[in-house]
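Treat the numbers as computed from the prediction; the structure is a model and nothing was measured. Read the numbers this way: they start at 1 and go in the same order the structure lists the ligands and their atoms. Computed over heavy atoms, backbone and side chain alike; hydrogens, waters and symmetry mates excluded.
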Amino acid sequence: MQMNPSEIASFLNELCDLAQIETMSWFRKSVDIENKLNGGFDPVTQADKAAEQVIRDRILERFSNHGVLGEEYGSINPDAQYQWIIDPIDGTRAFISGLPTWGTLIGLYKAGKPYAGIMHQPFTDERYVCDSEASVLVYKDEVLVLETSQVQNLSEAILMTTTPALFGKDEFERYNRVEAACKLPRYGTDCYAYCLLASGHVDLVIEAGLNAYDIAALIPIVERAGGVFTNWQGESASGGGQVLVAANHELHAAALEMLSC
Ligand code: IPD
Ligand code: CA
Ligand code: CA
């Protein structure tokens with residue numbers, strides 16, 4: 001792939017422009033909702049499907065030998081060195097509730113490792129982008145270089161998770177130990193939480209039961225801003241599962257000790 005960092009950012013933005021047309025056609029409007037889960041509620045809408053389709057089509061038009069993995073339409077070319085990993089709407093529960101805390105996620109893995117990514121919130125038009133070298137927020141023609149916070153103690157930390165209801169019993173107990181030690185927990189934030197951490201407003205994000213497409217775009221955004229992104233054992237989280245994200249190594253070590261024992 002012959003793309004320099006600014007070309008990567010430009011292509012990620014182009015993909016999000018295409019997806020934005022689809023998602024904004026249905027946001028805060030009457031939209032068809034299907035439930036993907038027996039015995040629970042995991043919604044998907046026509047907006048999720050349409051957005052993923054336009055992103056996939058454009059990627060494969062430009063890079064026919066690259067891999068694509070998307071939440072709604074699965075995988076193609078799974079052995080390719082470059083893998084584009086798509087969650088067309090991360091936070092469909094927020095989307096169908098009219099909350100602007102969802103986002104379109106497009107990550108690029110190179111040889112299995114997170115390389116670049118974008119989180120786009122189409123209603124506010126905030127774009128959190130990692131072009132493989134730096135992480136920035138592009139908003140209203142301004143470009144802000146992202147940097148995580150220096151908060152090192154749990155007692156001063158703001159913690160985010162989408163909802164503790166998604167944790168299993170043992171996970172819930174471990175998570176609760178960390179939450180009890182933090183200054184402030186906030187819920188319901190999906191991909192926004194990781195971008196607010198990359199921006200220095202939030203210090204910790206803890207989740208479980210994730211898939212690669214929930215975090216592929218977010219790992220490089222957080223890491224290039226100075227954050228630490230692992231699973232609950234302190235290992236790579238690039239495949240999904242339990243996720244611990246911290247603003248710096250000191251805070252990560254403090255939370256990891258509570259989650260891993
Ligand atoms: C959800 C979000 C959320 C996470 C859930 C996911 P979706 O994705 O990533 O933050 O906690 O486990 O299902 O379904 O809205 O794309
Ligand atoms: Ca998701
Ligand atoms: Ca999704």
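Not one N or O of Cys191 is nearer than 3.5 Å to an N or O of ligand 1, by distance alone. For Leu166, no nitrogen or oxygen atom sits less than 3.5 Å from a nitrogen or oxygen atom of ligand 1, counting backbone and side chain alike.
When distances from the Ca ion (ligand 2) to the N, O or S atoms of Asp87 are compared, OD2 comes out shortest. Restricting Asp214 to its N/O/S atoms, the shortest distance to the Ca ion (ligand 2) is reached by OD1. Taking the Ca ion (ligand 2) as reference, Asp90 places its N/O/S atom OD1 nearest. Shortest distance from the Ca ion (ligand 3) to Glu71 is reached at OE1 (N/O/S atoms only).
Each of Glu173, Arg177, Glu179, Glu171 was checked for a side-chain hydrogen bond (donor to acceptor under 3.5 Å, both in side chains) with Tyr175, and the lone residue meeting it is Glu179.
Contact annotation: Thr163 has no heavy atom less than 4.0 Å from any atom of ligand 1.
Among all protein heavy atoms, the one lying closest to atom 13 (O) of ligand 1 is Arg93 NH1, 3.9 Å. Atom 9 (O) of ligand 1 has Asp90 OD1, 2.6 Å as its closest protein atom, hydrogens excluded (heavy atom only). Nearest protein neighbour of atom 6 (C) of ligand 1, counting heavy atoms only, is Asp214 OD1, 4.1 Å.
Only the side chain of Asp42 comes within 4.0 Å of ligand 1, judged by heavy-atom distances. Of all the heavy atoms of Thr162, the ones lying under 4.0 Å from any atom of ligand 1 belong exclusively to the side chain. The backbone and the side chain of Asp190 each have at least one atom closer than 4.0 Å to an atom of ligand 1 (non-hydrogen atoms only). Of all the heavy atoms of Asp87, the ones lying under 4.0 Å from any atom of ligand 1 belong exclusively to the side chain.
Distance alone, capped at 3.5 Å, places no donor-acceptor pair between the Gln121 side chain and the Thr101 backbone. Ser199 contributes no side-chain N or O that, together with a main-chain N or O of His201, makes up a donor-acceptor pair within less than 3.5 Å.
Near Glu207, meaning under 4.0 Å from one of its heavy atoms, ligand 1 places the atoms 10 (O), 11 (O). Of all atoms in ligand 1, numbered sequentially from 1 with element shown, those under 4.0 Å from a heavy atom of Gly91 are 7 (P), 15 (O), 16 (O). Near Ile89, the atoms of ligand 1 lying under 4.0 angstrom from a non-hydrogen atom of the residue are 16 (O). In summary, the atoms of ligand 1 found under 4.0 Å from a heavy atom of Leu210, numbered by their order in the structure, are 4 (C), 11 (O), 12 (O). Atoms of ligand 1 lying under 4.0 Å from at least one heavy atom of Thr92, given by number and element, are 15 (O).
Counting backbone and side-chain atoms alike, Ile89 contributes an N/O/S atom closer than 3.0 Å to the Ca ion (ligand 3).
Inspection of the Asn153 and Ser155 side chains reveals no N or O donor paired with an N or O acceptor under 3.5 Å. Between Glu207 and Thr162, the side chains place a donor N or O and an acceptor N or O closer than 3.5 Å (distance only, hydrogens not considered). Side-chain N/O atoms of Asp48 and Thr45 include a donor and acceptor closer than 3.5 Å.
Atom CG of Asp87 and atom CD1 of Ile55 lie 9.0 Å apart (nearest 0.5 Å).
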For this session: Could you give me the CA-CA distance, side-chain angles and deciding distance for Glu72 and Arg56, then say whether salt bridge (charged side-chain N to carboxylate O under 4.0 Å, His left out) is met?
Result: CA-CA 11 Å; Glu72 311 308 338; Arg56 296 175 81 96; over 6 Å; no
Exercise. Are Leu12 and Trp84 close enough, and set up right, to give a side-chain contact (heavy atoms from CB on, under 4.5 Å), and what steps lead you there?
Worked result: CA-CA 10 Å; Leu12 289 169; Trp84 298 84; 3.8 Å; yes
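Phe41 is listed as a side-chain neighbour of Asn35, based on a closest heavy-atom distance under 4.5 Å.
Linking Ile, Leu, Val, Met, Phe, Trp and Tyr residues whenever their side-chain heavy atoms come within less than 4.5 Å places Met3 and Tyr82 in a single cluster.
In this structure, Ile221 and Leu146 approach most closely via the heavy-atom pair CG2-CD1, 4.2 Å.
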